[in-house]
Amino acid sequence: MTSRRLAAPAGTWIDRSHEVSFSFNGRQLYGFKGDTLASALLANGVRLVGRSFKLHRPRGIWSCGVEEPSALVDVGRGARRTPNVRATLLALEEGLVAESVNCWPSVRFDLGAVTGAFAALLPAGFYYKTFKWPNWHLFEPAIRRMAGLGRAPKQADADHYEEMSAQTEVLVVGGGLAGLAAAVAAARSGARTMLLAGGAHLGGALAWRADPEVAALSSAARQLGVQVRLHTLAFGIYDHNLVCACESLSSEGAADLPACVLRERLWKIRARTVIAATGAFEQPLLFPDNDRPGVMLAGAAHEYAQAYGVACGARAVVAANSDGAYEVAAALKDAGVEIVAIVDRREAGAANERHQGLRVISAAALTAVHGTRSVRGCTVAQLEDGRRERLNCDLILNSGGYAPAVHLHSQAGGKLRCLGESAMFVPDGVAPGLVSVGACAGVFARAAAVSHAAEVGSALARGGAPPPAPVGGAGRSAAITRLPDGRTRQFVDLQNDVTSADVMLAARENYRSVEHLKRYTTTGMGTDQGKTSNINALVLMGEYTGQAPAQVGTTRFRPPFAPVTLGVIAGRRVGALYRPLKRLPAHDWHVAHGALLETFGDWYRPAAYPLGAETLRAAAQREAHTVRKCAGLLDGSPLGKLEVFGPDAARFLDLMYVGTMSTLRIGQARYGLLLNENGTLVDDGIVARLSEQRYWVNTTTAGFDRTLAAFEEWLQCEFVDFKVVVTPVTSRWANITVAGPRAWEWLAKVGFEPALAPAAMAHMSLRESVWDGMPLRVLRASFSGELGYEVNLPAAEAETLLTRLWAHARELGAVLYGIEALQVLRVEKGYIHIGTDTDGTTLPADVGFARGIEKKAAPFVGRRSLSRPASRDPKRLQLVGLTPLDGRTLLPVGGQIAPKPPPALTEGHVTSSYLSPELGIPIALAMLSGGSQRIGEQVRVHHLGRSVAARVAKPPFVDPAGERVHG
Amino acid sequence: MMQLTCPWCGLRDENEFVCGGTTHITRPELAASDASWGAYLFFRDNPKGVHLERWRHVYGCGQWFNLARHTVTHEVSAVYAMTDPPPGSA
Amino acid sequence: MNYSALALLRGALSSHRNWTPAWRSPEPQAAYDVVIVGGGGHGLASAYYLAKNHGVTRVAVIERGWLGGGNTGRNTTVVRSNYLFPESARLYDFSLRLYEGLSRELNFNIMLSQRGHVMLAHSRHDLESISRWVNTMHMHGIDAELLTREQVGALVPALDLSPAARFPVLGAMRQRRGGTARHDAVAWSYARAADALGVDIIQNCEVTGFVTGKDGRVTGVETNRGRIGAERVGIAAAGHSSVLAKLAGFRLPVTSYALQAMVTEPLKPRLDVVVIAPGTGAYVSQSDKGEMVIGASLDLFPSYAQRGSFAVLQSVVAATLAMFPSFSRLRLLRHWAGIVDVVHDSSPIIGPTPVPGLYINCGWGTGGFKAIPVGGWTFAHLLATGRSHELAEPFQLERFITGRLIDEAAASGIAH
Amino acid sequence: MAEGAAGLTVSVEEAMQAAALRYFESDGAFAAAVRELTGVALPQVLHAAVSGNGQYTLAWRSPTETLALTPSTARMLVLEEKLAAATDGCLVNLSGGLKVLRVMGERVSDLLCRLGGSACVPAVGEARRSRLADVPVLALCVRSTETLLVVDRAYAEHLMGWIRETLLDFAPA
Ligand SMILES: Cc1cc2nc3c(=O)[nH]c(=O)nc-3n(C[C@H](O)[C@H](O)[C@H](O)COP(=O)(O)OP(=O)(O)OC[C@H]3O[C@@H](n4cnc5c(N)ncnc54)[C@H](O)[C@@H]3O)c2cc1C
Ligand SMILES: NC(=O)c1ccc[n+]([C@@H]2O[C@H](COP(=O)([O-])OP(=O)(O)OC[C@H]3O[C@@H](n4cnc5c(N)ncnc54)[C@H](O)[C@@H]3O)[C@@H](O)[C@H]2O)c1
Ligand SMILES: Cc1cc2nc3c(=O)[nH]c(=O)nc-3n(C[C@H](O)[C@H](O)[C@H](O)COP(=O)(O)O)c2cc1C
Ligand SMILES: [Zn+2]
């Protein structure tokens with residue numbers, strides 16, 4: 001145990017009076033409120049926290065933030081289990097349970113680590129070069145088990161997520177000194193300003209020091225009304241300056257969380273301008289075995305000491321090539337960590353008075369790290385002459401300069417430029433709608449960062465041009481130079497185990513584009529997205545191929561900046577709120593009357609009303625039979641309904657439908673087919689004329705949205721001089737369909753006026769009427785082939801009519817029927833159902849409307865497409881009826897028609913099939929190649945290895961003369 | 001997610017609209033040849049650059065209108081009525 | 001050089017200094033027999049089959065960025081051949097069969113993982129539709145089977161099987177031979193093999209125009225690295241097809257849209273097959289590395305920007321959680337988009353263009369990764385002989401005039 | 001039904017009558033007839049107007065449509081009858097097809113922002129139809145602490161469900 005808790009006052013963020021217990025890999029440990037899991041583990045002397053992706057190398061805590069590649073844990077249990085959580089970001093909570101990922105049986109004795117023994121066989125892309133014989137499938141399962149990190153939960157998430165949209169003039173991302181300065185300046189200049197800070201504190205890199213400037217700016221921000229959101233990480237910038245951010249709301253992992261909490265909030269913020277002040281990431285140097293637990297970023301160790309009161313080790317060696325490392329060394333020394341030496345790659349270090357007493361080894365590098373599960377020492381060599389020295393230490397601090405966090409700038413479409421000597425990529429000017437300030441703009445000198453940020457803030461608030469960034473101040477730092485490749489590994493990407501040798505291999509094999517390098521070696525593809533590895537990888541590639549880093553370039557930055565839960569992206573759109581499901585106005589009534597409900601598209605509606613143990617199919621048979629013999633009641637409320645009004649309504653409907661609507665007399669109704677311009681069927685429906693200028697249009701349930709959209713598009717975009725308005729009224733009207741020979745008798749019993757009687761009202765006509773004080777629109781039409789009334793009435797009254805009718809059902813012997821029986825009835829009549837018998841390739845002639853088209857002289861939408869060669873092909877699939885030759889076997893829907901069993905060229909398929917209660921035999925509709933000319937022919941239907949002989953028939957099967965509709 | 005300006009309702013999020021594709025397409029007469037009918041139905045400029053297209057504000061006022069929008073930057077340079085000529089055509 | 005376990009062993013002993021470049025980076029020559037525009041899967045496979053099947057080796061593939069960096073390098077890697085029309089089924093199954101032998105043929109593991117492709121049915125109507133589908137597959141001689149709800153549950157335990165689900169699972173259709181392949185490996189393996197046969201792959205070279213002779217015949221291409229002569233030119237530029245067509249003076253029945261995809265952080269195996277929910281359009285598979293790879297529908301407005309709309313991303317994620325409520329706490333690692341060339345009937349175009357000597361392979365839209373082998377095979381045939389391969393015969397531009405569309409999406413009612 | 005949290009209450013106006021007024025010109029004979037019958041002129045774009053007697057609320061829906069709301073069935077009937085003969089416009093009764101939710105309290109806009117639209121929060125006297133809870137909703141601000149949400153009946157339950165869950169999680173802003 002080498003890391004430990006320091007004595008107070010170290011630890012600005014922890015509350016030593018508040019102990020917190022937690023469990024790590026089954027061990028009970030203690031930390032303080034204010035700790036992160038990482039700081040608490042370090043305080044407990046836990047170094048080894050995980051295993052790497054490919055080689056299962058032991059790994060420790062590397063950073064103190066979002067860039068963490070190694071310290072990933074699975075947190076929680078059951079419905080709250082969360083995989084791959086960064087220990088460095090997870091606030092410690094009482095009762096938190098965490099486990100290491102990617103190791104078995106334990107993180108200390110991980111069997112996966114045997115791969116380490118074969119590491120030499122597993123260079124970048126090794127899997128592309130082998131596992132080909134006999135095939136990949138043989139090896140794949142084992143490889144899959146080795147890969148992956150955490151374990152996915154098995155239960156549905158218990159918690160809630162919500163979404164919040166906001167608008168602001170200036171949005172500042174990042175609450176460090178630069179962000180604060182920009183926000184305060186913007187607000188002072190009168191702009192509505194919002195500031196997002198990813199962490200729990202303002203102040204960024206300075207948050208844990210008592211910095212008077214941070215304090216002053218923070219309170220100024222509050223006074224000026226800047227909307228400050230802590231715990232809110234901006235993860236992406238999208239079109240037209242939409243910034244999306246995730247706000248963490250709950251005490252993740254706490255044992256006493258309520259059963260359901262609001263866990264995270266998605267912020268969708270539209271900003272007139274965005275100021276990125278996201279800071280910079282410290283970059284590591286490469287040296288052999290630089291991945292051992294105990295090697296970590298210098299700045300992180302600094303933060304652990306000051307903010308959390310944790311010494312990450314007792315004896316530290318600092319590997320450096322930049323000035324920042326000296327500050328860290330001095331500060332850690334003050335905190336009680338022995339600094340064995342600063343090993344600086346540069347000729348002259350940056351030591352000043354503050355660093356007196358620190359041993360500096362210049363122009364040297366680490367050439368070995370000793371210790372496997374924890375650092376025990378290192379070997380340092382002079383770059384010049386190779387002279388070596390072994391140093392005992394338990395901590396190696398790595399400090400290779402900074403990489404500005406240019407993620408948002410790049411996502412917004414900003415360009416980068418490379419500061420040659422330090423291999424630092426900084427924004428090249430501004431991005432559309434976004435300006436960077438502070439460290440993420442490459443401005444590291446504190447005073448310069450603050451004044452530039454303030455100037456940017458006020459300029460943008462006033463709509464002015466932002467001043468250019470005074471880049472610099474990061475201290476001298478040289479781009480890493482490659483060390484001779486020894487036998488040991490220098491890790492570039494810690495999570496994915498990409499080494500400098502892998503980069504060299506990629507160069508050797510000509511995967512030299514930086515994007516090839518990434519994909520071939522997987523560098524930068526881990527959960528940290530290369531925040532501390534991408535720069536090293538591209539610099540190495542440059543060195544191997546003789547290119548400057550600028551020539552190599554960076555890989556593409558993509559959202560999210562840090563991984564975000566799927567839950568927060570979906571927000572409330574889960575469970576019942578995923579997509580609205582529509583219910584009938586009389587939903588409860590149907591439930592009370594034994595409906596078996598199913599989803600049909602967006603609607604939840606009765607499929608049938610089974611009695612007792614009756615199956616759906618049997619119920620439908622009984623219901624359909626009763627409709628034919630007596631009468632039945634169907635709730636057809638979902639049927640689409642439109643009112644089309646205007647002096648040009650008739651002309652318009654003539655253009656929309658195959659079928660002439662202008663010649664309808666008032667009160668008359670007609671069937672119509674709606675086509676798209678490509679000639680294929682979009683919908684069918686019934687159009688009735690309510691008055692000279694006013695039409696009633698019924699669409700199919702599924703076709704309603706398409707029909708309305710098509711009407712509006714044609715009216716507004718093509719026939720722009722037509723005076724027509726289209727008003728959807730589907731929800732206004734319930735539709736109760738009464739069908740069967742005794743339909744009228746039934747309606748008369750509840751008091752429908754005699755003017756609606758079959759004798760007074762023809763088939764295919766519509767009457768407005770009043771019943772029980774409510775307005776009715778009664779359409780005589782029939783999808784069942786029986787005398788039929790579609791009674792449209794105000795939606796809220798549906799239940800009244802149903803109840804009143806149902807009171808007479810028993811005496812009549814009438815039934816309720818559902819969609820399934822309706823299907824049986826319409827198939828007996830040979831009526832098509834759009835979307836079931838037809839698909840998006842069906843033309844009107846295919847379903848028997850060739851004559852209707854010939855008869856109509858006027859143009860209509862889609863007409864021209866019907867005369868293309870392919871539309872006139874006699875081999876097209878055409879609607880026919882089928883009956884099984886044996887009179888018994890139900891023809892399977894989806895069965896293929898072909899003279900011989902598969903494989904064969906199919907001639908068509910069965911589209912609808914039912915046992916006909918009327919005929920007592922199975923019947924079917926089918927689409928058959930050239931079908932209209934093949935009536936009477938014998939065919940074979942093939943289905944899942946069976947085959948049935950059938951005869952082609954001309955529908956309808958029942959009442960071919962169509963007499964029953966008249967009652 | 002883009003923000004588009006409905007001529008009636010003002011700036012709204014992209015997901016209140018549907019895009020109807022290229023605008024200013026002339027519908028041929030019924031007597032058109034198969035080739036010109038096919039060209040009308042299917043063949044498009046599909047420019048990488050400014051595209052004149054039509055959108056409908058389905059979640060708002062339901063109106064169709066035209067946009068000039070860049071297909072790479074998604075920047076909108078003009079919003080105009082269905083019956084207006086293309087911008088710059090005077 | 002040959003790739004094998006033995007070669008890896010030799011590598012291990014030589015610090016992997018034994019490996020040679022997978023392909024060269026040659027300077028463009030003055031002229032080639034065939035120039036292919038676009039170094040994606042289709043362009044590279046075409047070059048390979050030109051050399052391999054037709055002995056045409058004076059071939060250049062011109063790629064404006066890095067090879068495989070287009071849609072081939074950013075797709076969700078689903079392969080299958082369950083198509084309704086015989087023309088499509090023949091095409092895609094030929095492709096799948098080529099895929100099945102590709103790792104060995106190209107001596108490069110493309111990680112073809114025939115883990116099975118499972119399309120869910122949410123309603124009785126869907127069950128009927130997949131029944132038609134399965135039978136049609138059998139007619140085409142392609143494997144397909146129906147699964148009951150219980151079988152689906154056993155195969156995909158993470159699925160929400162509750163009857164109360166907004167899109168309940170009533171059954172499914174499975175193609176066992178369907179699955180995934182490693183996208184980059186497909187591009188790289190063809191590139192390596194084509195290069196080995198003498199094809200020049202020229203990266204960072206953008207075609208900016210076409211050169212034509214007096215007779216209007218194409219004689220070469222203009223690029224940002226100079227003019228390159230060619231007897232025949234083939235375009236295989238996916239989302240950029242219209243841009244190239246415009247340079248050559250014609251239009252295509254193509255619209256370019258952004259199609260998004262995303263991955264979660266890597267996890268231990270949790271999902272063994274490719275699952276698609278037709279009701280929502282979302283589909284998910286788990287890669288060998290462990291990420292959940294998620295894809296869905298287009299951003300429905302024309303775009304050449306390789307980035308997606310956040311609104312669409314949200315609906316895709318919500319659709320994914322509707323299938324897999326237990327994925328809610330998984331984290332999205334990265335999301336991106338590619339520009340796909342969508343054709344009205346969602347079938348490809350492989351044929352001559354109005355410009356003599358200029359041919360095109362495009363229109364694969366959201367589904368051309370699975371077709372890379374056959375796209376290359378048939379395009380190579382066309383480029384070598386000037387005649388369409390019989391598999392590609394139905395997929396000509398002229399179908400948009402005659403109306404002989406091969407509309408898979410319309411026939412199946414499912415976006416392709 | 002009324003739900004409440006953090007000083008917000010949401011109730012359904014079950015009896016509210018609704019109609020679409022459709023016309024070709026907003027200043028034609030039909031518009032004049034509407035004005036005469038209700039005492040209010042057709043509202044300006046994105047605006048709503050309430051008649052002096054408080055009995056009619058008219059809300060702009062589109063350039064050819066105004067939504068008319070009234071709590072009185074009788075008044076709606078009269079309106080419907082009186083406008084039936086118009087030729088340059090028509091009234092389409094939508095009563096029962098639309099649901100009207102009344103949201104009362106200080107944090108109306110906080111709620112609306114959580115339903116998806118910060119661009120769609122109406123100011124007093126405004127009516128904005130937009131995408132809330134992923135469905136089309138007309139939000140009509142009567143006064144600073146009162147907003148009506150008008151939604152298709154088929155989506156009302158969904159909208160209400162979303163609101164209910166939001167209120168459940170409502171914390172002080
Ligand atoms: C997100 C997403 C998911 C997908 N999922 C699947 C799936 O699961 N299964 C499936 O089968 N298909 C899928 N697809 C579709 C599939 O990726 C493509 O159809 C296929 O990759 C197309 O290959 P290609 O070679 O034609 O095009 P590309 O791979 O895009 O190659 C075209 C190349 O042309 C280059 N180019 C363009 N213009 C020029 C020029 N002027 N000069 C030189 N070069 C130029 C481009 O840079 C590009 O590299 C998906 C696509 C996307 C975007
Ligand atoms: N690591 C560093 O950033 C760093 C290093 C050396 C010196 N400094 C000095 O600190 C001063 C100011 O630096 P600064 O303000 O530019 O950086 P900073 O690091 O102090 O602040 C950036 C803040 O932004 C937050 N942040 C980053 N990405 C975010 C996102 N996507 N969403 C929300 N919050 C996000 C970070 O958590 C951090 O708190 C300068 O003087 C600079 O020289 C900073
Ligand atoms: C099947 C598949 C799996 C991927 N897995 C990862 C991954 O594990 N990590 C990662 O960072 N990116 C992954 N990506 C995404 C790529 O990094 C990259 O975003 C994508 O290829 C598009 O390229 P671009 O972002 O450079 O434009 C994956 C992409 C695909 C197609
Ligand atoms: Zn609008």
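Every chain is numbered from 1, with letters handed out A, B, ... down the list of sequences.
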Side chain from CB out, backbone as N, CA, C, O: work out which of these in A:Lys900 comes under 4.5 Å of a heavy atom of chain C, or both, or neither.
backbone
Counting only non-hydrogen atoms closer than 4.5 Å, does A:Asp602 touch chain C with its backbone (N, CA, C, O), its side chain (CB onward), both, or neither?
both
Give, as side chain, backbone, both or neither, the part of A:Phe235 having an atom under 4.5 angstrom from any heavy atom of chain C.
side chain
When the side chains of residues 309-328 of chain C are checked against the rest of the protein, which donor-acceptor pairs come out under 3.5 Å, sequence neighbours left out?
from: C:Ser309; atom 1: OG; to: B:Glu14; atom 2: OE2; distance (Å): 2.7
from: C:Ser309; atom 1: OG; to: C:Ala311; atom 2: N; distance (Å): 3.2
from: C:Gln314; atom 1: OE1; to: A:Lys268; atom 2: NZ; distance (Å): 2.8
from: C:Gln314; atom 1: NE2; to: A:Glu163; atom 2: OE1; distance (Å): 2.9
from: C:Gln314; atom 1: NE2; to: A:Ile569; atom 2: O; distance (Å): 2.9
from: C:Ser315; atom 1: OG; to: C:Val312; atom 2: O; distance (Å): 2.9
from: C:Thr320; atom 1: OG1; to: C:Val316; atom 2: O; distance (Å): 2.8
from: C:Ser328; atom 1: OG; to: A:Asp157; atom 2: OD2; distance (Å): 2.6

Best-contacting candidate, C:Leu330, C:Asp407, C:Asp184, against chain A by heavy atom pairs under 4.5 angstrom
C:Leu330
Which bit of A:Ser865 comes within less than 4.5 Å of chain C, counting heavy atoms only: side chain, backbone, both or neither?
neither
A:Arg512 versus chain C, the contacting section by heavy-atom distance below 4.5 Å:
neither
What residue, out of C:Arg334, C:His16, C:Arg404, has the most heavy-atom pairs lying under 4.5 Å from chain A?
C:Arg334
Which bit of A:Thr836 is near chain C, if near means a heavy-atom gap under 4.5 Å: side chain, backbone, both or neither?
both
Tell me, for C:Ala337 versus chain A, whether the close heavy atoms (under 4.5 Å) come from the side chain, the backbone, both or neither.
backbone
Let me know if A:Val85 has heavy atoms under 4.5 Å from chain C in its side chain, its backbone, both or neither.
both
If I measure from the heavy atoms of chain A, does C:Ala7 come under 4.5 Å with its side chain, its backbone, both, or neither?
neither
Kindly give the heavy-atom pair with the smallest separation between C:Ala12 and A:Ala120, and that separation in Å.
CB-O, 3.5 Å
Can you tell which part of C:Arg182 gets under 4.5 Å to a heavy atom of chain A, answering side chain, backbone, both or neither?
side chain
Looking at A:Arg579 and C:Gly279, what are the two nearest heavy atoms and their distance?
NH1-O, 3.6 Å
Considering only heavy atoms, which portion of C:Glu291 lies under 4.5 Å from any heavy atom of chain A: side chain, backbone, both, or neither?
neither
Taking all atoms of both residues into account, what is the closest heavy-atom pair of A:Arg144 and C:Leu271, and its distance?
NH2-O, 3.3 Å
Could you tell me whether C:Arg132 and A:Asp839 make a salt bridge, using a distance below 4.0 angstrom between a side-chain N and a carboxylate O?
yes
Structural part of C:Asp288 lying under 4.5 Å from a heavy atom of chain A
both
Would a 4.5 Å heavy-atom cut-off, applied to side chains only, mark C:Gln306 and A:Arg558 as touching?
yes
Where on C:Glu100 is there a heavy atom nearer than 4.5 Å to chain A: the side chain, the backbone, both, or neither?
neither
Charged N to carboxylate O below 4.0 Å: is that the case for C:Arg329 and A:Glu252?
yes
Most heavy-atom pairs under 4.5 angstrom with chain A, which of C:Lys289, C:His344, C:Arg399?
C:Lys289
Tell me, out of C:Gly73, C:Ser131, C:Pro86, C:Ala185, who's got the most heavy-atom pairs with chain A below 4.5 Å.
C:Ser131
Measure the CZ-CZ distance between A:Arg508 and C:Arg17 for me, rounded to the nearest 0.5 Å.
5.5 Å
Side chain proximity check, A:Phe600 to C:Arg124, heavy atoms < 4.5 angstrom:
yes
For C:Leu67, which atoms come within 4.5 Å of any heavy atom of chain A: side chain, backbone, both, or neither?
both
Please classify the contact between A:Pro134 and chain C as side chain, backbone, both or neither, with a heavy-atom cut-off of under 4.5 Å.
backbone
In Å, rounded to the nearest 0.5 Å, how long is the span from CH2 of C:Trp188 to CZ of A:Arg519?
8.0 Å
Side chain to side chain, C:Asn109 and A:Thr130, heavy atoms closer than 4.5 Å
no
Distance-minimising heavy-atom pair for C:Leu333 and A:Pro563
CD1-CG, 4.2 Å
I need the minimum non-hydrogen distance between A:Leu566 and C:Thr264, along with the two atoms involved.
CD1-CG2, 4.1 Å
Leading residue by heavy atom contact count with chain A [cutoff under 4.5 Å; candidates C:Thr280, C:Leu6, C:Asp345]
C:Thr280
Against chain A, work out which of C:Leu112, C:Leu127, C:Ile294 has the most heavy-atom pairs shorter than 4.5 Å and name it.
C:Leu112
Applying a strict 4.5 Å limit to non-hydrogen atoms, the region of C:Ser113 in contact with chain A is both
What part of C:Asn107 gets within 4.5 angstrom of chain A, counting heavy atoms only: side chain, backbone, both, or neither?
both
Contact check, side chains of A:Leu581 and C:Arg166, non-hydrogen atoms, under 4.5 Å
yes
Is it the side chain or the backbone of C:His125 that comes within 4.5 Å of chain A heavy atoms, both, or neither?
side chain
CZ of A:Arg868 to CD1 of C:Ile401: how many Å apart, nearest 0.5 Å?
9.0 Å
Would you please say whether a donor-acceptor pair under 3.5 Å links the side chains of A:Asn510 and C:Ser25?
yes
Interatomic distance, NE2@C:His140 vs CD@A:Gln896, rounded to 0.5 Å, equals 7.5 Å
Given a strict heavy-atom distance threshold of 4.5 Å, which part of A:Leu616 is in contact with chain C: side chain, backbone, both, or neither?
side chain
Cation-pi check, C:Lys268 onto A:Trp104 ring (under 6.0 Å, within 45° of axis)
no
Pick one of side chain, backbone, both or neither for C:Pro163, based on which atoms fall under 4.5 Å of a heavy atom in chain A.
neither
Counting only heavy atoms closer than 4.5 Å, note whether A:Met525 contacts chain C via side chain, backbone, both or neither.
both
Need one label for C:Arg270: side chain, backbone, both or neither, based on atoms under 4.5 Å from any heavy atom in chain A.
side chain
Contact check, side chains of A:His942 and C:His138, non-hydrogen atoms, under 4.5 Å
no
Residues passing the side-chain contact (heavy atoms from CB on, under 4.5 Å) test with A:Ser913, sequence neighbours excluded, are A:Leu890, A:Leu891, A:Val893, A:Val910, A:Ala924
Find out whether C:Met1 and A:Glu509 are in side-chain contact, i.e. whether some heavy atom of one side chain is under 4.5 Å from a heavy atom of the other.
no
Chain C contact via A:Tyr127 - side chain, backbone, both or neither, heavy atoms under 4.5 Å
both
Contacting moiety of A:Ala119, where chain C heavy atoms sit under 4.5 Å:
neither
Contacting moiety of A:Asn496, where chain C heavy atoms sit under 4.5 Å:
side chain
In terms of heavy-atom contacts, A:Asn84 and C:Glu265 come closest through CB-OE1, 3.0 Å
Given a strict heavy-atom distance threshold of 4.5 Å, which part of A:Phe53 is in contact with chain C: side chain, backbone, both, or neither?
side chain
To the nearest 0.5 Å, what is the distance between CH2 (A:Trp136) and CZ (C:Arg104)?
14.0 Å
Within the structure provided, determine whether C:Arg331 and A:Thr527 are in side-chain contact (heavy-atom separation under 4.5 Å).
no
